[in-house]
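The structure appears right after this line, and notes come after that.
Both counts, for ligands and for their atoms, begin at 1 and track the order of listing.
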Amino acid sequence: MDMSTIHVCGGNTLCGEVDIQGSKNAALPVMAASLLIKGKTVLKNCPVITDVEHMQKLLEAVGCMITKSGRTMEIDASDICATSFPTEHANVMRSSVVLIGALLGRMGEISICYPGGCVIGKRPIDFHLDILGQMGVEFSEENGCIAARAGKSENRKVMLPFPSVGATENAILYAAASGCAYQISGCAREPEIIELCEFLNRSGARIAGAGTSVITIIGVKKLSEICYRIMPDRIVAGTYLLAGVMTRGLVVLNQAPCDYLSGVFEVLGEMGADLAIAKDWVCLNGENANRSVRYIKTEVYPGFPTDMQSMFMAALSISQGCSILEETIFENRFQVVDELKKMGADIHVIGRRAMVCGVKKLRGTVVEAKELRGGAALLLAGLSADGDTYIKNDVFIRRGYENIVRDLKLLGAKIEEE
Ligand code: EPZ
């Protein structure tokens with residue numbers, strides 16, 4: 001695995017503008033959904049990141065013909081031949097789990113090994129098995145892999161045990177082209193769910209309620225070929241807004257999904273950032289963004305997003321006063337704490353809560369990315385630190401960011417990939 005290092009020279013006040021890439025967490029389920037279309041799907045603004053590359057390999061492994069040119073991907077799923085995946089790909093990331101619903105919907109059966117993904121908690125898939133079981137899918141376990149078979153389909157009311165993003169997506173993917181009707185309660189309300197349903201409806205599906213906790217699907221028999229543009233990535237946008245906060249600078253984000261950032265905007269305002277918000281661009285002035293925030297709790301959408309937690313921890317570590325961060329979604333999402341402490345941050349973790357007391361300045365040193373968003377948080381910390389910071393294992397960061405070095409340079413950072 002290529003474990004290259006990013007070198008940041010701290011201290012620059014950022015001032016610049018950058019375009020926001022397509023959303024990783026929208027592109028992955030939409031790619032899975034292309035399996036339901038017996039023809040061609042063209043995706044525009046598809047982010048050029050390693051998770052998308054892995055998903056492409058999985059789709060090709062079951063018979064998709066895929067061509068890619070920059071951010072445009074063409075997926076031909078006319079002839080799907082297999083119902084299982086090469087383990088070297090399925091085991092490396094969590095997002096492969098949405099292939100269960102899509103391939104079951106297309107082929108009626110699937111065998112997949114336990115999906116891997118970040119180290120932020122054990123990431124089981126019991127909610128996925130539960131909801132698909134309620135929808136009539138029969139499961140059996142065969143040496144570390146799951147064999148699933150579509151059971152007799154009938155109209156049903158089903159209920160998710162937790163508003164899991166991936167499990168909601170799997171239920172939608174399984175039902176969309178099933179020819180049966182389902183009312184799914186307890187759904188996740190994330191924007192990426194809305195995006196998936198918008199994609200499917202544009203290709204002829206009949207889905208209502210996306211973005212609410214009750215989604216009704218009248219499964220159709222055929223979905224049509226489609227060309228679709230992936231929405232911008234709200235977490236990448238949040239990352240670059242915090243780059244402006246960390247350096248007390250001025251950043252403008254173009255092609256930003258502002259409708260989906262209200263939870264983030266609210267906390268940025270509490271920290272003292274000035275925001276000018278339009279429909280698809282936002283300007284942040286971080287000159288006075290040095291206030292601590294008494295209490296931030298991560299919640300399912302539309303609450304404060306867990307994916308922004310580590311990055312706000314970095315920003316609050318140089319604010320005035322103490323802040324409490326509570327992580328309620330993942331049970332192990334404080335891995336970045338030890339690395340931030342190497343830079344001089346004052347952070348105490350007790351269970352699911354972290355108390356962050358701001359220090360005047362962080363100091364540059366060598367730190368290690370251990371997962372995607374913690375890696376981004378270390379980069380942000382390096383932008384504000386005294387001296388040079390070296391972030392090792394940027395392979396984790398490239399899972400979700402097309403080219404964070406290019407983007408931060410556009411904002412005025414002194415940063416290089418070594
Ligand atoms: C999606 O993961 C995102 N990934 C995550 O983004 C995001 O953090 C998460 O949703 C929450 O918003 C993609 O969309 C590819 P969940 P997902 O199912 O679907 C537990 C990033 O940085 N759980 O809503 O896996 C789970 O362990 C990534 O871009 C079960 O216990 O999230 C977690 O604690 C990180 N059993 C909680 O539920 C299950 O069967 C929420 O997980 C499934 C999940």
**OP:** Determine the sole option in Arg333, Arg294, Arg353 for which the salt bridge (charged side-chain N to carboxylate O under 4.0 Å, His left out) test with Glu326 is passed.
**Re:** Arg353

Just let me know how [X] lines up against ligand 1, side chain, backbone, both or neither, with a heavy-atom cut-off below 4.0 Å.
X	answer
Arg333	side chain
Glu192	neither
His128	both
Ile235	neither

Subject >> Results of disulfide bond (SG atoms under 2.5 Å apart) for Cys227 - residues two or more places apart only >> reply: none

Would [X] count as being in polar contact with ligand 1, using the rule that some N or O on each side must be under 3.5 angstrom apart?
X	value
Thr306	no
Ile329	yes
Phe127	yes
Asn25	yes

Subject >> Exercise: identify the closest heavy-atom pair between Ala27 and Val52 >> reply: CB-CG2, 4.4 Å

Subject >> Ala33 to Leu200 - nearest heavy-atom pair and separation >> reply: CB-CD2, 4.0 Å

Original post:
Which residue pairs satisfy the salt bridge (Lys or Arg N to Asp or Glu O under 4.0 Å) criterion with at least one member in residues 168-191, sequence neighbours excluded?
Top reply: none

**OP:** Compare Asp126, Asp307, Asn332 and give the one whose heavy atom is closest to atom 5 (C) of ligand 1.
**Re:** Asp307

Show which atoms of ligand 1 fall inside a sub-4.0 Å distance from at least one heavy-atom site of [X].
X	answer
Arg373	21 (C), 22 (O), 29 (O)
Leu372	22 (O)
Gly166	18 (O), 19 (O)

Original post:
Do other residues, nucleotides or ligands put more than 12 heavy atoms under 6.0 Å from the NZ atom of Lys68?
Top reply: yes

Original post:
Is it true that a side-chain atom of Glu195 and a backbone atom of Met231 form a donor plus acceptor pair closer than 3.5 Å?
Top reply: yes

Original post:
Charged N to carboxylate O below 4.0 Å: is that the case for Glu339 and Lys342?
Top reply: yes

